[in-house]
Amino acid sequence: MRKLVYFIAATLDGFIAGPDGSDPSGPDGFWPIPEDYLAHLIAEYPETLPGPARAALGVTAEGTHFDTVVEGRRSYEIGLDAGLTDAYPHLRHLVFSRTLGESPDPAVELVAGDPGARVRELKQEGGKDIWLVGGGELAASLYGEIDTLILKLSPTTIGAGIPLFGRKAVFEPAAWALGSQKVLPSGTAYLTYERNRKTLTVTAD
């Protein structure tokens with residue numbers, strides 16, 4: 001069965017964006033993109049690069065991890081504000097929103113219903129894994145459906161911002177097993193964790 005993978009950049013203090021929710025790697029962002037970080041993305045996760053970046057860099061590789069990307073309205077609107085109605089035209093693209101009346105792009109599927117139910121349907125379909133690009137609010141609503149967490153951990157702290165699972169996440173401890181790890185010379189660490197779905201039980205002696 002396909003997995004839902006939260007593949008996301010985060011600071012050392014656990015934030016995925018600044019307080020205003022804007023793109024941390026954008027022109028006014030706080031996280032510059034080191035050369036080795038970009039090179040690793042191109043080599044290992046080329047499908048996670050937006051279409052314009054792929055074109056500018058001459059990236060044509062299909063990628064081996066994802067064929068579907070899901071995101072929330074606020075994350076999607078970052079692309080819309082940049083004039084992109086579909087930032088990932090090389091992937092099947094779904095946007096979860098109860099406020100967007102219709103999809104701005106015929107290639108982007110707008111989902112107004114329960115995110116968990118739709119993701120469970122996607123998991124039953126054939127294909128590669130499903131990439132949860134963000135944002136934190138959608139990640140919180142899909143918390144129980146996330147099978148793999150891949151952190152692109154930046155050697156940066158910002159003190160305040162949008163947490164990994166948004167500002168409205170509930171307290172729900174979960175165990176994760178560390179899989180692969182890759183630390184780049186620039187200090188960025190790629191950390192892959194798999195959810196441990198075993199339920200621990202306590203029995204009396």
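Looking at Ile162 and Arg167, their side chains come closer than 4.5 Å, going by heavy atoms from C-beta outward. The closest side-chain heavy-atom distance from Arg118 to Glu109 is below 4.5 Å. Contact of the Tyr37 side chain with the Lys152 side chain is registered, since non-hydrogen atoms from C-beta on lie closer than 4.5 Å. Residues Ile42 and Leu57 are in side-chain contact: their nearest non-hydrogen atoms beyond the backbone lie under 4.5 Å apart. No side-chain heavy atom of His65 sits less than 4.5 Å from a side-chain heavy atom of Ile150. Side-chain contact check for Leu110 versus Arg98: every heavy-atom pair is 4.5 Å or farther apart. Side-chain contact between Phe66 and Ile130 is absent, with no heavy atoms from C-beta onward closer than 4.5 Å.
Using modelled atom types, one side-chain atom of Asp129 and one backbone atom of Lys3 make a donor-acceptor pair closer than 3.5 Å. Side chain of Ser97 to backbone of Leu100: a donor-acceptor contact under 3.5 angstrom is found. Within the 3.5 Å criterion, the main-chain N or O of Gly159 finds no donor-acceptor partner in the side chain of Thr157. Without hydrogens or angle criteria, Arg54 side chain to Ala61 main chain gives a donor-acceptor distance under 3.5 Å.
Note on ring orientation: taking the six-membered ring where Trp is involved, the planes of Tyr45 and Phe7 are tilted (angle from 30° to 60°).
Linking ILVMFWY residues whenever their side-chain heavy atoms come closer than 4.5 Å, directly or via other members, places Leu4 and Leu149 in the same cluster. Ile33 and Ile8 fall into different hydrophobic clusters, where Ile, Leu, Val, Met, Phe, Trp and Tyr side chains are chained together by heavy-atom contacts under 4.5 Å. Residues Leu151 and Trp131 fall into different hydrophobic clusters, defined by Ile, Leu, Val, Met, Phe, Trp and Tyr side chains chained together at heavy-atom separations under 4.5 Å.
For the residue pair Pro52 and Leu84, the shortest heavy atom distance occurs at CG-CD2, 3.7 Å.
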TODO: Given side chain to side chain contact (heavy atoms under 4.5 Å, CB included), test Leu94 with Val108 step by step and report yes or no.
DONE: CA-CA 6 Å; Leu94 292 85; Val108 175; over 6 Å; no
- [ ] Applying side chain to side chain contact (heavy atoms under 4.5 Å, CB included), run through Val119 and Leu132 and close with a yes or a no.
- [x] CA-CA 10 Å; Val119 164; Leu132 169 57; over 6 Å; no
TODO: With side chain to side chain donor-acceptor pair (under 3.5 Å) as the test, would you mind laying out the steps for Thr11 and Asp13 before giving the verdict?
DONE: CA-CA 5 Å; Thr11 63; Asp13 46 355; 2.5 Å; yes
Open item on the list: Using salt bridge (charged side-chain N to carboxylate O under 4.0 Å, His left out), reason through Arg195 and Glu145 one step at a time and then give a plain yes or no.
Closed with: CA-CA 10 Å; Arg195 183 187 289 269; Glu145 295 298 330; over 6 Å; no
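For the atom pair Ile146 CD1 and Glu194 CD, the distance stands at 12.0 Å (nearest 0.5 Å).
Centroid-to-centroid, the aromatic rings of Trp31 and Phe15 stay 6.0 Å apart or farther.
Tyr143 is linked by a ring pair (Phe, Tyr, Trp, His ring centres under 6.0 Å) to Phe165, counting only residues two or more places apart in sequence or in another chain.
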Taking distance alone, no hydrogens or angles, what donor-acceptor pairs closer than 3.5 Å link side-chain atoms of residues 68-80 to residues at least two apart or in another chain?
unit_1: Thr68; atom_1: OG1; unit_2: Arg2; atom_2: NH2; d: 2.8
unit_1: Glu71; atom_1: OE1; unit_2: Ser75; atom_2: OG; d: 2.8
unit_1: Glu71; atom_1: OE1; unit_2: Tyr76; atom_2: N; d: 3.4
unit_1: Glu71; atom_1: OE2; unit_2: His93; atom_2: NE2; d: 2.7
unit_1: Arg73; atom_1: NE; unit_2: Thr99; atom_2: OG1; d: 3.1
unit_1: Arg73; atom_1: NH1; unit_2: Glu77; atom_2: OE1; d: 3.0
unit_1: Arg73; atom_1: NH1; unit_2: Glu77; atom_2: OE2; d: 3.2
unit_1: Arg74; atom_1: NH1; unit_2: Glu137; atom_2: OE1; d: 2.7
unit_1: Tyr76; atom_1: OH; unit_2: Thr85; atom_2: O; d: 2.5

Show me the side-chain donor-acceptor pairs of residues 177-191 shorter than 3.5 Å, one per line, residues at least two apart or across chains.
unit_1: Ser180; atom_1: OG; unit_2: Thr192; atom_2: OG1; d: 3.2
unit_1: Ser186; atom_1: OG; unit_2: Asp36; atom_2: OD1; d: 2.8
unit_1: Ser186; atom_1: OG; unit_2: Asp36; atom_2: OD2; d: 3.1

